[in-house]
Amino acid sequence: MTELTIPPDADGDRAQELVQEHVAVGDVVEVQSKEWADDSQDFELEGTVTGFEPGYLEIDDQPADEGSVRYDEIHTVVRVDSK
């Protein structure tokens with residue numbers, strides 16, 4: 001298992017670059033959101049990377065609003081299993 005923490009000053013484009021350097025399509029990952037002032041917006045999800053789409057990391061073939069995550073919302077990516 002390897003972990004990547006996105007620097008707080010990284011924008012969506014930089015976050016996408018870092019994520020693409022860290023994981024590959026087919027890897028099983030855990031993704032945690034940025035730390036919010038209140039926990040209502042925090043999330044943690046696990047799934048298989050199925051694509052690097054413009055603006056979001058595709059997990060399990062899901063669109064951004066149904067199970068995938070925008071790059072600018074990512075705090076931590078943990079590679080659980082590689083392809």
Side-chain angles (χ1 to χ4, degrees):
M1 236 182 345
T2 60
E3 182 175 305
L4 166 71
T5 299
I6 304 296
D9 62 342
D11 63 9
D13 291 336
R14 180 66 181 139
Q16 180 176 358
E17 290 172 12
L18 292 169
V19 170
Q20 285 181 300
E21 291 171 5
H22 183 70
V23 301
V25 170
D27 289 350
V28 176
V29 296
E30 290 178 5
V31 181
Q32 297 173 350
S33 68
K34 289 187 177 182
E35 296 175 9
W36 300 95
D38 68 20
D39 293 337
S40 65
Q41 296 178 5
D42 286 350
F43 64 84
E44 184 173 323
L45 61 93
E46 182 173 331
T48 302
V49 175
T50 51
F52 298 101
E53 300 301 323
Y56 71 97
L57 178 63
E58 186 180 81
I59 305 290
D60 295 331
D61 292 318
Q62 299 298 312
D65 58 348
E66 295 179 21
S68 292
V69 60
R70 291 185 359 217
Y71 294 110
D72 63 353
E73 294 179 338
I74 296 173
H75 179 262
T76 307
V77 177
V78 179
R79 188 174 56 223
V80 177
D81 189 23
S82 338
K83 58 178 177 156

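The minimum heavy-atom distance between Ala15 and Ala10, with the atom names listed, is N-CB, 4.4 Å. For the residue pair Leu4 and Ile6, the shortest heavy atom distance occurs at CD2-CD1, 3.8 Å.
To the nearest 0.5 Å, the span separating NE2 on His75 from OG1 on Thr5 amounts to 5.5 Å. Distance CD/Glu46 to CD/Gln32: 11.0 Å, rounded to 0.5 Å.
For the side-chain contact (heavy atoms from CB on, under 4.5 Å) test, residues two or more places apart in sequence or in another chain that qualify with Gln16 are Gln20, Tyr71. Qualifying side-chain contact (heavy atoms from CB on, under 4.5 Å) partners for Asp11, counting only residues two or more places apart in sequence or in other chains: Asp13, Arg14.
With Val77 as the partner, the side chain to side chain contact (heavy atoms under 4.5 Å, CB included) test is satisfied by one option alone out of Asp27, Val49, Val23: Val23.
Put simply, the side chain of Leu18 reaches to within 4.5 Å of the side chain of Pro7, judged on heavy atoms.
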Could you go through residues 55-67 and list every donor-acceptor pair under 3.5 Å that involves a side-chain atom there, pairing it with any protein atom two or more places apart or in another chain?
unit_1	atom_1	unit_2	atom_2	d
Glu58	OE1	Thr50	OG1	2.8
Asp60	OD1	Thr48	N	2.9
Gln62	NE2	Asp60	O	3.3

